[in-house]
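A, B, ... follow the sequence lines: proteins, then strands. Residue 1 opens every chain.
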Amino acid sequence: MDVSSILDPLNSAQRAAVCHSNGHALVLAGAGSGKTRVLVHRIAWLIQAENVSPFSILAVTFTNKAAAEMRGRIESLLGIPASGMWVGTFHGIAHRLLRAHWQEAELPQNFQILDSDDQQRTLKRLIREMGLDDSQWPAKEAQWYINARKDEGLRAGQVKLYPGQKNDAHLLQMIEIYKYYEALCQQAGMVDFAEMLLRAKDLWQKRPDVLQHYRGRFQNILVDEFQDTNSIQYDWIKILAGDSGRVFAVGDDDQSIYGWRGAKIENIHQYTKDFTPSETYRLEQNYRSTGNILNAANGLIANNTDRLGKELWTEDSEGELIQVYSAFNEIDEANYIVDNIQQRLNEGYRRSECAILYRSNAQSRVLEESLIATGMPYRVYGGLRFFDRQEIRDVLAYLRIMTNRNDAPAFERIINTPTRGIGNKTLEVVRTTAREQNMTLWQATLSVIENKVLPARAIGALQAFVDLINEHAELIANVSLSEKIEHVVHHSGLEAYYEKEKGERGRARIENMQELVQAGVNFEAEDWQQEDENMDELSAFLSHAALEAGEGQADEWDDCVQLMTLHSAKGLEFKQVYICGVEEGLFPHRLSAEDPVRLEEERRLCYVGMTRAMENLTLSYAEKRRIYGEDSYPTPSRFLKEIPQDCLHQVRVTGFAKQASGYAGDATSSYSETPQDENGLNISLGQRVLHPSFGEGMVMNYEGEGRHARVQINFEEVGSKWLVMEYANLSLA
DNA sequence: CTTGCAACACTTTTT
DNA sequence: GTGTTGCAAG
């Protein structure tokens with residue numbers, strides 16, 4: 001067998017890992033070192049060189065995107081469809097197992113997936129039904145608590161109390177809520193995300209016959225982003241592997257940034273103990289970034305303790321220094337970044353090659369305003385995802401209740417959406433009936449109608465709802481998936497309801513609902529049956545909607561500047577990267593700065609952000625920032641001091657440093673100098689000036705002094721803009 | 001049942 | 001500063 005196509009594109013470290021022969025292997029793959037490539041080539045190697053059957057391969061990732069990418073790359077490398085092997089997310093694979101073994105997992109065949117929104121609503125209702133004050137016991141907190149316990153592999157009855165916690169009323173109440181929630185989900189056949197993993201693990205432990213079958217099958221297990229595994233995921237893999245399965249784990253302890261949601265970086269250490277003997281491979285050659293960027297990132301991360309140790313290097317040149325911009329305030333910061341991007345575009349870069357990264361979502365607003373003012377197209381990642389949109393969830397809820405009348409979250413969602421005269425009072429009666437007579441909400445509704453325990457008007461409204469659902473459920477019974485969706489959109493009243501919503505928003509909602517019909521058409525065309533042979537098309541689609549949030553469902557990127565949090569940037573790369581808000585309190589976030597463990601995670605987050613950059617990296621901070629409507633005067637982040645200073649270029653150091661002591665940075669402080677640029681050009685109000693890319697305009701306003709002054713210029717072509725004198729490169733018109 | 005206003009709280013996020 | 005939630009009036 002000719003394996004040169006598999007091995008030739010690899011460096012020696014990658015090749016060693018790919019060809020690893022016996023037993024387990026741990027690959028410590030630094031940022032940009034070809035981690036996915038190693039996984040993909042490893043699979044190809046197994047199949048083509050070791051003659052392993054694709055059926056024996058299980059490859060697990062964390063995100064759908066990573067799974068899709070892996071699958072695609074395997075197929076293009078092998079030149080054949082990757083059929084037979086299981087490639088998916090932990091949740092996707094757990095779901096598949098539970099669908100196939102619902103009986104063994106002690107679930108009803110038609111169990112429903114409870115996504116986080118459903119979960120929260122369910123908890124809210126449950127807390128109220130328990131007679132608790134839901135302002136004192138917020139559903140969100142309970143959700144957080146329950147999921148955290150499940151991530152540790154603990155059911156309500158297994159939570160252990162330390163001696164000091166025996167009288168902790170709050171904690172005891174949380175456990176009580178957890179107990180009720182657990183019972184409710186079991187009774188209603190609802191499975192939340194964490195539960196999927198927990199059930200899949202229980203399945204191994206409770207049913208040795210099932211475990212035996214999969215152990216026999218999956219002799220080759222590959223795990224991506226191993227540093228992000230939580231306790232159940234780790235255990236699940238460990239149990240599945242047993243004595244004979246080989247586990248090939250790829251990860252980077254320096255990129256562990258999800259500790260706060262249960263990921264255990266220690267798993268990577270634990271692995272070397274549990275999976276012995278195992279070989280460790282280090283991928284340290286970086287193919288992404290310039291020398292300066294890597295030196296800076298290496299220097300920063302060296303401040304963390306307890307690392308497995310790894311130093312990235314590159315054959316690439318040093319490249320440009322990292323720019324550090326000290327902004328006057330957050331608006332100046334945004335303008336600087338946008339101006340800088342504009343310059344890069346003039347140099348020939350594409351907008352999509354530029355990314356602005358920030359610690360928290362709230363920071364995006366100012367950036368967006370600046371981008372809009374400049375007329376620069378951009379895309380914000382990580383906003384509301386397609387299947388999470390209100391109107392989409394509404395349509396799906398109709399489909400769900402038509403599939404299963406006892407789907408409580410769906411019932412609650414649409415019972416009065418669009419409004420049909422069923423108010424809280426009516427609903428309370430239904431809920432009480434359901435609780436007292438141990439019925440589902442749907443059954444309770446029927447009972448209330450039959451016994452006429454409410455005024456005629458309410459009874460009529462309930463009857464109309466029941467009829468609507470029954471009637472249309474029948475009408476769509478024998479049509480295709482997309483026709484079902486379309487029918488519900490038209491006849492549920494949702495379309496009419498959202499048409500009334502004024503403005504852009506209503507129209508967008510209608511468009512999204514049409515997009516959902518299209519999603520149905522696409523789904524029909526996919527070979528979903530291969531993965532979900534145990535379900536009908538609609539159920540499979542509904543599961544798909546819960547498991548895949550639908551990123552990439554809507555707008556495929558045009559050429560846009562990319563905005564996202566540092567967290568969502570993981571796994572991506574951009575030629576031009578701007579990290580903004582590099583200030584104490586924001587980054588590291590004030591809620592994490594005190595705790596050394598969390599501080600290290602912040603530092604890793606910074607490391608992740610920096611290593612996204614291929615050619616240029618700019619770090620910026622503001623001397624004054626409005627946060628929650630209050631002015632704050634943050635100090636530059638400690639991370640800036642931890643980066644080797646010879647990697648950095650302080651953009652604003654000239655001029656500003658000379659008057660450093662007084663830089664309170666308030667716009668109202670006195671200004672003696674008129675705006676002046678690098679060449680000493682002075683500018684006054686009303687003057688006509690020429691900008692290399694914006695053309696001619698008039699100086700309308702300015703703030704600040706000397707070369708750091710920001711001037712507002714009303715350009716003939718592009719309208720009004722704030723520019724920083726030092727970079728504006730203006731000349732007199 | 002809907003609408004309007006005041007009080008509130010507010011990292012990071014995938015599935 | 002923004003978005004969400006709870007309560008009271010219409």
Reckon A:Thr565 has a side-chain N or O less than 4.0 Å from the OP1 or OP2 of B:dT13?
yes
Nearest to the side chain of A:Arg359 - B:dT12, B:dT15, B:dT2?
B:dT12
Judged by each residue's nearest nucleotide on DNA chain B, which is more toward the 5′ side, A:Thr426 or A:Arg590?
A:Thr426
So what does A:Glu630 touch, heavy atoms closer than 4.0 Å: a base, only the sugar-phosphate, or nothing?
nothing
Options B:dT13, B:dT2, B:dT11, nucleotide nearest the side-chain atoms of A:Arg261:
B:dT13
Short side-chain donor-acceptor distance under 3.5 Å, A:Asn147 and A:Gln119:
yes
Does B:dT15 have its OP1 or OP2 closer than 4.0 Å to a side-chain nitrogen or oxygen of A:Asn147?
no
Pick one for B:dT11: is it syn, with its angle within 90° of 0, or anti?
syn
Kindly say whether the aromatic ring centers of A:Phe111 and A:Trp102 come within a distance under 6.0 Å.
no
Would you say B:dT2 has OP1 or OP2 under 4.0 Å from some side-chain N or O of A:Thr419?
yes
Using residues 194-203 of chain A as the side-chain source, report each donor-acceptor pair under 3.5 Å to any protein atom, sequence neighbours left out, with the distance given to one decimal.
{"residue": "A:Glu195", "atom": "OE1", "partner": "A:Lys150", "partner atom": "NZ", "Å": "2.8"}
{"residue": "A:Glu195", "atom": "OE1", "partner": "A:Arg155", "partner atom": "NH1", "Å": "3.2"}
{"residue": "A:Glu195", "atom": "OE2", "partner": "A:Arg155", "partner atom": "NH1", "Å": "3.1"}
{"residue": "A:Glu195", "atom": "OE2", "partner": "A:Arg155", "partner atom": "NH2", "Å": "3.0"}
{"residue": "A:Glu195", "atom": "OE2", "partner": "A:Arg199", "partner atom": "NE", "Å": "2.8"}
{"residue": "A:Arg199", "atom": "NH1", "partner": "A:Ala105", "partner atom": "O", "Å": "2.8"}
{"residue": "A:Arg199", "atom": "NH1", "partner": "A:Glu106", "partner atom": "O", "Å": "3.4"}
{"residue": "A:Arg199", "atom": "NH1", "partner": "A:Gln186", "partner atom": "OE1", "Å": "3.4"}
{"residue": "A:Arg199", "atom": "NH2", "partner": "A:Gln186", "partner atom": "OE1", "Å": "2.4"}
{"residue": "A:Asp202", "atom": "OD2", "partner": "A:Arg155", "partner atom": "NE", "Å": "3.4"}
{"residue": "A:Asp202", "atom": "OD2", "partner": "A:Arg155", "partner atom": "NH2", "Å": "2.9"}

Within the pair A:Asn64 and B:dT14, is there a side-chain N or O less than 4.0 Å away from OP1 or OP2?
no
Taking the side chain of A:Leu547 as its heavy atoms from C-beta onward, which of B:dT13, B:dT11, B:dT15 lies nearest to it?
B:dT15
Do other residues, nucleotides or ligands put more than 12 heavy atoms under 6.0 Å from the CD atom of A:Glu630?
no
Between A:Thr63 and A:Ile422, name the one whose nearest nucleotide on DNA chain B is closer to the 5' end.
A:Ile422
Any chance you could list the contact pattern along nucleotides 1-7 of chain C? Use B for base contacts, S for sugar-phosphate-only contacts and - for none, protein heavy atoms under 4.0 Å, 5' to 3'.
BS---S-
